[in-house]
Amino acid sequence: MAYGGTELYHPRAVSDLGFWDIDPLKLKVYGIVAEGQEVTREVIADARAFVTEEVPPLVAAEGEDNGLSFVIIHPGDLGVSVVAHWWIQGSVLCQHIRRRLWGTDEAMNTAARPVIACVWELGVINAEQEAWRETMMNSEPDPAAYLKARTASRFV
């Protein structure tokens with residue numbers, strides 16, 4: 001609900017949607033839903049197609065990745081966001097996002113509208129950067145521990 005141009009905060013559940021192997025990445029997949037929305041099979045299939053088609057070329061162009069990443073599928077109040085992230089250079093997080101309003105087939109132009117993430121997505125992103133620091137930015141990086149660290153079953 002909007003009030004004075006701002007939205008009232010209501011926690012949203014985070015769900016663990018498993019892993020995707022999309023060469024060259026192993027992705028942790030999360031769902032976040034607004035009240036009255038759900039992460040349907042169709043939404044998941046559409047998100048996977050987007051990530052499969054658009055993210056690997058970006059990963060290759062950027063280079064210096066280690067194959068670890070995460071994606072957030074977020075049916076929100078206004079539409080669906082798919083936010084894909086991957087780690088490069090040991091400490092840099094890259095992002096590719098698609099936002100599509102309900103009832104439209106066209107994605108919003110994220111170059112003209114430089115959105116990073118909503119407050120709920122930022123909660124997952126923050127938990128992921130903490131997991132990254134704890135499992136990968138130490139004297140013995142542990143990719144398996146990073147992939148095991150999950151934000152699911154929480155509220156953001």
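Closest non-hydrogen pair, Ser91 versus Met137, comes out as CB-CE, 3.5 Å. Closest of all the heavy-atom pairs between Ala34 and Asp77 is CB-OD1, 3.3 Å. Residues Pro24 and Val59 approach most closely at CG-CG1, 3.8 Å, considering heavy atoms. Ala117 and Glu121 get closest at one heavy-atom pair: CA-OE1, 3.4 Å. Closest non-hydrogen pair, Met136 versus Leu68, comes out as CE-CD1, 3.8 Å.
The environment of Leu101 atom CG is dense: over 12 non-hydrogen atoms of other residues, nucleotides or ligands sit within 6.0 angstrom.
Under a hydrophobic-cluster definition in which Ile, Leu, Val, Met, Phe, Trp and Tyr are linked whenever side-chain heavy atoms come within less than 4.5 Å, directly or via other members, Leu78 and Ile97 are assigned to different clusters. Neither Ile116 nor Tyr9 shares a network with the other; the hydrophobic side chains, linked directly or stepwise wherever heavy atoms of I, L, V, M, F, W or Y lie under 4.5 Å apart, form separate groups for each. No continuous path of ILVMFWY side-chain contacts below 4.5 Å connects Val115 to Phe70, so the two sit in separate hydrophobic clusters. When the side chains of ILVMFWY residues are joined at heavy-atom separations under 4.5 Å, either directly or via intervening members, Met108 and Val43 end up in two distinct hydrophobic clusters.
Atom CD1 in Ile32 sits 6.0 Å away from atom SG in Cys118 (nearest 0.5 Å). Interatomic distance, Arg98 CZ to Glu106 CD, rounded to the nearest 0.5 Å: 11.0 Å. Taking NZ from Lys26 and CH2 from Trp20, the interatomic distance works out to 12.5 Å, rounded to the nearest 0.5 Å. Taken from CG in Leu17 to OH in Tyr30, the straight-line distance is 10.0 Å, to the nearest 0.5 Å. Note: Ile73 CD1 to Phe50 CZ = 11.0 Å, rounded to the nearest 0.5 Å. Here CZ of Arg41 is found 14.5 Å from CZ of Arg48. Values are rounded to the nearest 0.5 Å.
Looking at Trp102, its side chain never comes within 3.5 Å of a backbone N or O of Pro75 through a donor-acceptor pair. A distance-only check finds a donor-acceptor pair linking the side chain of Arg100 to the backbone of Asp105 [under 3.5 Å]. At distances below 3.5 Å, at least one donor-acceptor pair connects side-chain atoms of Trp132 with backbone N or O atoms of Gly90.
Remark: Lys28 qualifies as a cation-pi partner of Tyr146 under the 6.0 Å distance and 45° angle criteria applied to the six-membered ring. Relative to the six-membered ring of Phe19, Arg150 meets both conditions, a distance below 6.0 Å and an angle of at most 45° to the axis.
Side-chain contact between Asn66 and Pro143 is absent, with no heavy atoms from C-beta onward closer than 4.5 Å. In this structure, Ile125 and Glu128 have side chains that are not in contact, with every pair of non-hydrogen atoms separated by 4.5 Å or more. Annotation: side chain of His74 is not in contact with side chain of Val124 (no heavy-atom distance under 4.5 Å). Taking the side chain as every heavy atom from C-beta outward, Asp142 and Lys148 never approach each other to under 4.5 Å.
Checking His10 against Glu35 by side-chain atom types alone, no donor-acceptor pair falls below 3.5 Å.
None of Leu25, Leu27, Val71, Ile72 except one satisfies the side chain to side chain contact (heavy atoms under 4.5 Å, CB included) rule with His85; the exception is Ile72.
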